[in-house]
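Reviewing the structure listed below.
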Amino acid sequence: MRIGTGWDIHRLVENRPLMIGGVHIPHHLGESGHSDGDVLIHAIVDAILGAAALGDIGTHFPPSDQRWKDVSSMELLRLVMDKISDWEVVNIDTTVILEKPKLGPFIKSIRDSIAETMLIPVDRISVKAKTAENLLDDVGSGKAIIAQASVLLKAIPTESEEYLDEWV
Ligand code: MG
């Protein structure tokens, strides 16, 4: 088993879509960023890469590389899943911290969207939403969004290990 954590923050600006877990949330502001700015997916990608000790999102998808400009973060998540094909994702737990809008009505769609992209059952994915209680920082005043993620990976046994297990 291996555990990983991820954290990300993006500014909220005009003329950008608010993408959370691959779902477009109706709002007058969206995440700034080189890709589509999907803060939740960036935190999940970093947690997966961290658990596998494979670096971070910036080393795999550098903003200096034009290939990743405006790319859907779900595509980055798909590419990262290919890099951890020796591992099974046991579960993912996440928190999104956002003043507005309320994410409650979108949580189910967000979990489904992540499950479909990662090709894992939706009951392994948890998405929680909190506000910053209107505190006087950039998240509390609605100018930024934060996401945190924890991921547990389990090594997929090789065929020879499975064979040994039967006889031990
Ligand atoms: Mg990011």
Side-chain angles (χ1 to χ4, degrees), residues 2-84 87 89 91-104 106-107 109-120 124-132 135 137-153:
R2 302 278 294 255
I3 195 165
T5 65
W7 184 93
D8 198 20
I9 183 167
H10 280 247
R11 287 176 201 282
L12 291 172
V13 295
E14 288 179 356
N15 300 315
R16 293 275 299 180
L18 179 58
M19 298 302 297
I20 300 180
V23 175
H24 183 198
I25 311 289
H27 192 48
H28 68 289
L29 303 174
E31 298 113 324
S32 68
H34 188 72
S35 65
D36 65 2
D38 193 325
V39 68
L40 176 57
I41 298 302
H42 295 180
I44 291 173
V45 163
D46 259 357
I48 294 170
L49 290 171
L54 286 175
D56 64 20
I57 192 167
T59 56
H60 290 272
F61 311 108
S64 55
D65 188 334
Q66 284 307 304
R67 263 186 304 172
W68 314 123
K69 180 153 172 51
D70 294 327
V71 72
S72 162
S73 295
M74 302 313 267
E75 183 58 26
L76 307 183
L77 180 57
R78 226 170 265 127
L79 292 167
V80 164
M81 289 304 286
D82 289 343
K83 294 178 197 290
I84 57 146
W87 298 90
V89 177
N91 77 309
I92 299 179
D93 185 24
T94 67
T95 304
V96 179
I97 307 161
L98 172 68
E99 206 58 35
K100 281 181 191 158
K102 290 271 177 263
L103 286 188
F106 304 101
I107 295 288
S109 314
I110 293 170
R111 292 175 64 217
D112 285 342
S113 156
I114 296 167
E116 268 171 40
T117 300
M118 297 185 72
L119 302 174
I120 62 175
R124 297 185 186 200
I125 298 166
S126 154
V127 176
K128 311 186 299 298
K130 296 192 86 78
T131 72
L135 293 175
D137 65 1
D138 284 342
V139 178
S141 57
K143 293 181 194 155
I145 177 171
I146 286 175
Q148 299 171 326
S150 301
V151 170
L152 189 65
L153 300 182

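In what follows, residues are counted from 1 in the order of the sequence shown. Whatever order the structure lists ligands and atoms in, that order sets their numbers, starting from 1. Note that the structure is predicted; figures quoted are calculated from it, not measured.
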**Asked** When you measure from the side chain of Arg2 to the backbone N and O of Ala51, does any donor-acceptor pair fall under 3.5 Å?
**Response** yes

Here the salt bridge (charged side-chain N to carboxylate O under 4.0 Å, His left out) pairs for residues 46-67, sequence neighbours left out, are Asp65-Arg67

Here the gap from Asp93 atom CG to Arg124 atom CZ, rounded to the nearest 0.5 Å, amounts to 15.0 Å

By salt bridge (Lys or Arg N to Asp or Glu O under 4.0 Å), Glu75 pairs with (sequence neighbours left out) Arg78

Nearest heavy-atom contact between Ser73 and Ile41 is O-CG2, 3.4 Å

Residue pairs meeting salt bridge (charged side-chain N to carboxylate O under 4.0 Å, His left out), one or both in residues 15-31, sequence neighbours left out, come to Arg16-Asp70

Protein-derived N, O or S atoms sitting under 2.8 Å away from the Mg ion (ligand 1) total 3

